[in-house]
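Letters A, B, ... mirror the listed sequences (proteins, then strands); counts begin at 1. Remember, predicted model here, so these are calculated numbers, not experimental data.
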Amino acid sequence: MRPAAAPGIPPPPMIRDLVRDLFEKALARGAAAGRWPAASIPVTVEPPRDPRHGDFAVNAALVLSKAAGKPPRELAASIVEELRAVDADGAVASVEIAGPGFINLRLAADVWFRGLAEVERQGAAFGRTGAGKGKRVNVEFVSANPTGPMHVGHGRNAVTGDVVARLLDWSGHAVTREYYVNDFGAQVQTLARSVHLRYQELHGRQVVFPPKGYPGEYVVDIARAVKAADGDRWLDAPESSWLAPFRDRAVEHVLGMIREDLEAIGVGRYDVWSSEKALYQSGAVERFLAELTAKDLVYVGKLPPPRSKKGAPPPPAHVAAIADEEGMTAADDLTLFRSSQYGDEVDRPVKKADGTPTYFCADIAYHWQKRQRADKLVDVLGADHGGYVPRLKAALQALGHQRDDLHVVLIQMVNLTRGGEAVKMGKRSGNVVWLREVVDEVGRDAARYLFLTRRADAQLDFDLDLAKQQTLDNPVFYVQYGHARIASILRRAAEAGIAAPRYDLEAVRRLALPEEQDLLRRVLSFPELLAGAALAFEPHRVAYFLQETIAAFHSYYTGGKRTGERVIGPDPVTTAGRLYLCKALQQVLANGLAVLGVAAPERMESAPVDEE
RNA sequence: GCGCCCUUAGCUCAGUUGGAUAGAGCGUCGGACUACGAAUCCGAAGGCCAGAGGUUCAAAUCCUCUAGGGCGCGCCA
């Protein structure tokens, strides 16, 4: 087995590409001969739902029909003629025109059988493609404020972002994984003040803890560390003297916790830790503001009164009252970014009334700077940041980039349950469920896998009891069991003195059962699946693929018990072919699980519960 | 009030970016082990794809509207 595809050498084309190439040639040939106009609408090549319709269904005649001025079925017949002409190798075994004008084709059996050689040749790298063409992609994920440990929602973000990054890597992108640390601004100052309160407490003082402070036990730990290092020197010092050092110390401590949390959920590597504070200190934000001014993208003006949270806009007096509470007035002149010209609802302030830059300002400066380092940006954000996306895209566009240079993966809420009962959560009530508690309880594999069993933008019910169950109700268990089961068959074969499975064309040609044909097609579609999941930024597709694939194997295997078609059978050549299929399947499962960051065990640990 | 996301079998959800007769797990009912892991599998029942229009050869998928649920909508970050 080879560790990875050598850089620069493109992996062999996927079988679907082979078909696509044939059609491109055929369509070009026909167009040159004047039989139909050159194709403008993309032609799709898809495996049909019903395998009886063949290996691939192509809609070329349907999409070309109007331009060619011929009925689809008639056109399809012409296309098939051209197809035959370009298929010098005889890759296409049979073609038929079906339904409204689909061209259904079946490839020569050997095309599939020969494709199986790739699994052995590429081993742990099988599934890698060059679909991304080396494009530089920056994936920013988690980026939780350094004000406390990660909670469950951050965990879903972390796993999704991590697997998106892995998928992009597997599909031939140059990936940078990045964490943006919001170590500047009000929230980390609030943390610093909370630490100072605990610090006073530790010196025996009575303190009143404000409702907006951070209540966690770790705040006391930080205060204790400060006390141990500095004694009482900050006790009566003015806030201006201790705020920054307390903040920096607190941020450093909390980032340490976050790194441990990430490690626990299996996110071991970030390439870049970006600091908001550094962005300010390096002068990048100021330079960026100057750039905006130079490009006439900002102006000084008034913001329309904010809308009320519910119902119709409130009377102006009420707005003014709210504004006063926060120490500002709606009448102040602000520096506004012309985001409404680029698809945002309103212009957004980049400078507060006191002249300091807003968070938004620093953030677009950050994205602008990131865009210099990468061709494509991916932000994995909590769904509560959904409203923030249009202005980020607007900013990129205003700065001369494409809106689509930024793709945002929105992570919807996680509802924790235990045996179906909701686990109460909420920052206000103080009973947040930390990610670490969940990982400690159910294990990393189950946590990761279950986070990936839904589309990112759909809410996820995460049942703690289910995650721990060693039954097929638990998808991670089901998939891991399948891998172990195959490993067991291969072990059994080795014990019986059968040579380790190697690719052999004669042997794999024995894979003639419908179930075997289905399984080998699944194996060979794996690279394509990963590429598709990567380009769509949808990790859940991998989880579903693994479940469906292993289910197909279980069915094949158990069915074999009834029919007598066993993997290890009387005929050595058939046995060799089937063992190779098992090995290929095992490799695909292992690689798929590797992409998800989930272990692929050779055997399951615990014994069955129901002893007789 | 406005924006984004969601609505598919009794429940939880997929649906390959617009393809042929809409799938899976759970649950229900009925079955399958004297040999490769029954931690598995097979079968049955279960659907107006929230509703109404539109776009086209073709719509669960795209557009508009309506109804429900969620998340947002600050000179916070």
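- The nearest whole Å value for the distance from the OH atom in Y449(A) to the P atom in C13(B) is 16 Å.
- For the P atoms, the distance from A20(B) to C49(B) is 15 Å, rounded to whole Å.
- Counting only heavy atoms from C-beta on, L62(A) has its side chain closest to G19(B) among A77(B), G19(B), G37(B).
- At a threshold of 4.0 angstrom between heavy atoms, the contacts of R492(A) are confined to the sugar-phosphate backbone, with no base atom among them.
- Set against C75(B), A39(B), U17(B), the side chain of F477(A) has A39(B) as its closest nucleotide.
- The side-chain contact (heavy atoms from CB on, under 4.5 Å) test applied to E516(A) returns L511(A), L513(A), Y556(A), R578(A), L581(A), not counting sequence neighbours.
- A distance of about 44 Å separates the P atoms of U40(B) and C4(B), rounded to the whole Å.
- Of the candidate nucleotides C6(B), G37(B), C13(B), C6(B) has the atom nearest to the side chain of D457(A).
- Evaluation of the side-chain hydrogen bond (donor to acceptor under 3.5 Å, both in side chains) rule for E74(A) yields no partner, not counting sequence neighbours.
- Donor-acceptor pairing under 3.5 Å, judged by distance alone, is present between the side chain of N59(A) and the base of G19(B).
- In this structure, R491(A) contributes its side chain and I486(A) its backbone to no donor-acceptor pair below 3.5 Å.
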Could you pull out all donor-acceptor pairs under 3.5 Å where a side-chain atom in residues 545-554 of chain A meets a protein atom, sequence neighbours excluded?
residue: Q547(A); atom: OE1; partner: Y449(A); partner atom: OH; Å: 3.0
residue: T549(A); atom: OG1; partner: F545(A); partner atom: O; Å: 2.7
residue: H554(A); atom: ND1; partner: R485(A); partner atom: NH1; Å: 2.7

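- Under the ring pair (Phe, Tyr, Trp, His ring centres under 6.0 Å) criterion, F102(A) pairs with no residue, sequence neighbours left out.
- The side chain of R541(A) approaches U16(B) more closely than any other nucleotide in the set G37(B), C75(B), U16(B).
- Stacking between Y557(A) and U40(B) is absent: the aromatic ring centre is not both under 5.5 angstrom from the base six-membered ring centre and within 30 degrees in plane angle.
- Spacing between A59(B) and G53(B) at atom C1', rounded to whole Å, works out to 14 Å.
- For F537(A), the ring pair (Phe, Tyr, Trp, His ring centres under 6.0 Å) partners are H407(A), not counting sequence neighbours.
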Show each protein N/O and nucleotides 20-30 of chain B N/O combination with a separation under 3.5 Å, one pair to a line.
residue: A20(B); atom: OP1; partner: R49(A); partner atom: NH2; Å: 2.9
residue: A20(B); atom: OP2; partner: R49(A); partner atom: NH1; Å: 3.3
residue: A20(B); atom: OP2; partner: R49(A); partner atom: NH2; Å: 2.3
residue: A20(B); atom: O5'; partner: R49(A); partner atom: NH2; Å: 3.1
residue: A20(B); atom: N6; partner: N104(A); partner atom: OD1; Å: 2.4
residue: A20(B); atom: N6; partner: N104(A); partner atom: ND2; Å: 3.3
residue: A20(B); atom: N1; partner: N104(A); partner atom: ND2; Å: 3.0

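- When rounded to the nearest whole Å, the span between CZ of R491(A) and P of A35(B) equals 19 Å.
- Between Y478(A) and C41(B), a side-chain N or O to OP1/OP2 separation shorter than 4.0 Å is present.
- Within 4.0 Å (heavy atoms only), Q459(A) reaches sugar-phosphate atoms of the nucleic acid but no base atom.
- In this pair, Y280(A) and F184(A) present their aromatic rings parallel. The plane angle is below 30°, not in the 30 to 60° band.
- Across the C1' atoms, C76(B) and C62(B) are found 38 Å apart, a figure rounded to whole Å.
- Note on F184(A): only backbone sugar-phosphate atoms sit closer than 4.0 angstrom, heavy atoms only; bases stay farther off.
- Across G37(B), A77(B), U12(B), the shortest atom-to-atom separation from the side chain of Y481(A) is found for G37(B).
- Of the candidates U56(B), C36(B), A77(B), the closest approach to any side-chain atom of K66(A) belongs to U56(B).
- Across all strands shown, H540(A) has heavy atoms under 4.0 Å from sugar-phosphate atoms exclusively, and none from any base.
- Annotation: ring pair (Phe, Tyr, Trp, His ring centres under 6.0 Å) contacts of Y214(A) (sequence neighbours excluded): none.
- Within the nucleic acid shown, P349(A) comes within 4.0 Å of sugar-phosphate atoms alone, with no base atom in reach, counting heavy atoms only.
- C63(B) sits 36 Å from C26(B) when the C1' atoms are compared, rounded to a whole Å.
- Not a single ring pair (Phe, Tyr, Trp, His ring centres under 6.0 Å) links F360(A) to another residue, sequence neighbours left out.
- Each of A35(B), C76(B), G72(B) was ranked by its minimum atom distance to the side chain of K352(A); first place goes to C76(B).
- Because its glycosidic torsion is within 90° of 0, U17(B) is reported here as syn.
- Note: CG (L410(A)) to C1' (G70(B)) measures 13 Å, nearest angstrom.
- Between R562(A) and C41(B), a side-chain N or O to OP1/OP2 separation shorter than 4.0 Å is absent.
- With both ends at atom C1', the span from A44(B) to C6(B) equals 32 Å, rounded to whole Å.
- Using a 4.0 Å heavy-atom distance criterion, S555(A) is classed as a sugar-phosphate-only contact.
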### Message
Let's test your reading of the pairing rules: Watson-Crick or G-U wobble, both distances under 3.5 Å, then write RNA chain B as a dot-bracket string with ( ), [ ], | and dots.
### Response
(((((((..((((.....[...)))).(((((.......))))).....(((((..]....))))))))))))....
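- Within the 4.0 angstrom heavy-atom criterion, base atoms lie near R603(A).
- Here A362(A) lies out of heavy-atom contact (under 4.0 Å) with every strand.
- The side chain of Q412(A) lies closest to G70(B), out of G70(B), C76(B), C36(B).
- The aromatic rings of Y481(A) and F477(A) sit parallel, their planes meeting at an angle under 30°, below the 60° perpendicular limit.
- Within residues 528-535 of chain A, no residue has any heavy atom under 4.0 Å from RNA chain B.
- When the nucleotides C36(B), U40(B), A32(B) are ranked by their closest atom to the side chain of T558(A), U40(B) comes out on top.
- Side-chain contact annotation: Y544(A) with E538(A), donor-acceptor N/O pair under 3.5 Å absent.
- The environment of R418(A) atom CZ is dense: over 12 non-hydrogen atoms of other residues, nucleotides or ligands sit within 6.0 angstrom.
- By the side-chain contact (heavy atoms from CB on, under 4.5 Å) test, A600(A) pairs with H483(A), A590(A), L593(A), sequence neighbours left out.
- Remark: C1' of U61(B) and CD of E538(A) are 13 Å apart, rounded to the nearest angstrom.
- Of the candidates C36(B), C57(B), C13(B), C13(B) carries the atom nearest the D461(A) side chain, counting heavy atoms from C-beta on.
- On the P atoms, G18(B) is 35 Å away from G27(B), given to the nearest whole Å.
- Considering only residues two or more places apart in sequence or on other chains, D461(A) meets the side-chain contact (heavy atoms from CB on, under 4.5 Å) condition with N415(A).
- As rounded to the nearest Å, C11(B) and C73(B) have P atoms that lie 32 Å from one another.
- When the side-chain nitrogen and oxygen atoms of R348(A) are compared with OP1 and OP2 of G74(B), none of them lie within a distance under 4.0 Å.
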